[in-house]
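First the structure, in the form of structure tokens, and then the observations on it.
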Amino acid sequence: MAVRRVVPNVQSDAAQENREFYGLLGFAEVMNHGWIMTLASPSSPAAQISFMTGDRTAPVAPDMSVEVDDVDAAYAVMRESGAEIVHPLQDEEWGVRRFFVRDPNGRVVNVLGHR
């Protein structure tokens, strides 16, 4: 499987302030669902940062997101390795298929693919 992008997820209740601050560094809003907002560099679209108040459909907010080209294969690899699956593989209404896994440092990683 190939990694398409890695996005830090910052817990924040200050979406507008973050949009303005990171806008000064050249980021622009590319997604906003109310509970999560993603900013990206127009010149390098894979350079992104997300701000979230919490995850609307999962029991915990992830620390980072990793988009892969085959999320089902990634899920199988993580399960076979014995890694802790924090949130099971599922399709989300906003067009992604994802699961959460805990890394060796205790961080929660949202592994996703777009449908």
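Count residues from 1 along the sequence. Atoms considered below: every heavy atom in the structure, side chains included; atoms not considered: hydrogens, waters and symmetry mates.
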Check whether V77 and V71 end up in the same hydrophobic cluster, where Ile, Leu, Val, Met, Phe, Trp and Tyr are linked by side-chain heavy atoms less than 4.5 Å apart. yes
We want to know whether N18 and S12 form a side-chain donor-acceptor pair, criterion being a heavy-atom distance below 3.5 angstrom. yes
Residue pairs passing the salt bridge (Lys or Arg N to Asp or Glu O under 4.0 Å) test where at least one lies in residues 102-111, sequence neighbours excluded: E84-R102
Hey, does V68 have a side-chain heavy atom less than 4.5 Å from the side chain of D70? no
Which side-chain N or O atoms in residues 108-115 pair as donor and acceptor under 3.5 Å with protein atoms at least two apart or in another chain?
{"residue": "N110", "atom": "ND2", "partner": "S65", "partner atom": "OG", "Å": "3.0"}
{"residue": "H114", "atom": "NE2", "partner": "R5", "partner atom": "NH2", "Å": "3.2"}
{"residue": "R115", "atom": "NH2", "partner": "E92", "partner atom": "O", "Å": "2.4"}

Tabulate below the donor-acceptor pairs under 3.5 Å that side-chain atoms of residues 36-46 make, not counting sequence neighbours, or state none.
{"residue": "T38", "atom": "OG1", "partner": "S50", "partner atom": "OG", "Å": "2.7"}
{"residue": "S41", "atom": "OG", "partner": "S43", "partner atom": "N", "Å": "3.4"}
{"residue": "S41", "atom": "OG", "partner": "S43", "partner atom": "OG", "Å": "3.1"}
{"residue": "S41", "atom": "OG", "partner": "S44", "partner atom": "N", "Å": "3.2"}

In a table with atom names and distances, give each donor-acceptor pair under 3.5 Å that connects a side chain of residues 25-35 to protein atoms at least two apart or in another chain.
{"residue": "E29", "atom": "OE1", "partner": "R19", "partner atom": "NE", "Å": "2.6"}
{"residue": "E29", "atom": "OE1", "partner": "R19", "partner atom": "NH2", "Å": "3.0"}
{"residue": "N32", "atom": "OD1", "partner": "G34", "partner atom": "N", "Å": "2.8"}

Would you please classify the geometry between the F99 ring and the Y75 ring as parallel, tilted or perpendicular, with 30° and 60° separating the classes? perpendicular
Rounded to the nearest 0.5 Å, how far apart are CZ of F100 and CD of Q90? 8.5 Å
M52 and A61 have their tightest heavy-atom pair at SD-CB, 3.8 Å
Does any pair with a residue in residues 47-59 pass salt bridge (Lys or Arg N to Asp or Glu O under 4.0 Å), and if so which ones, sequence neighbours excluded? D55-R98, R56-E93
Evaluate side-chain contact (heavy atoms from CB on, under 4.5 Å) for I85 paired with M78, printing each intermediate quantity in order. CA-CA 8 Å; I85 304 298; M78 286 295 136; 4.1 Å; yes
How close do R4 and D69 get, counting heavy atoms only, and between which atoms? NH2-CB, 3.5 Å
Report yes if the side chains of M64 and V7 come closer than 4.5 Å at any heavy-atom pair, otherwise no. no
Distance in Å, R79 CZ paired with L89 CG, rounded so as to fall on 0.5 Å steps: 9.5 Å
Under the side chain to side chain donor-acceptor pair (under 3.5 Å) test, which residues partner D91, sequence neighbours left out? R97
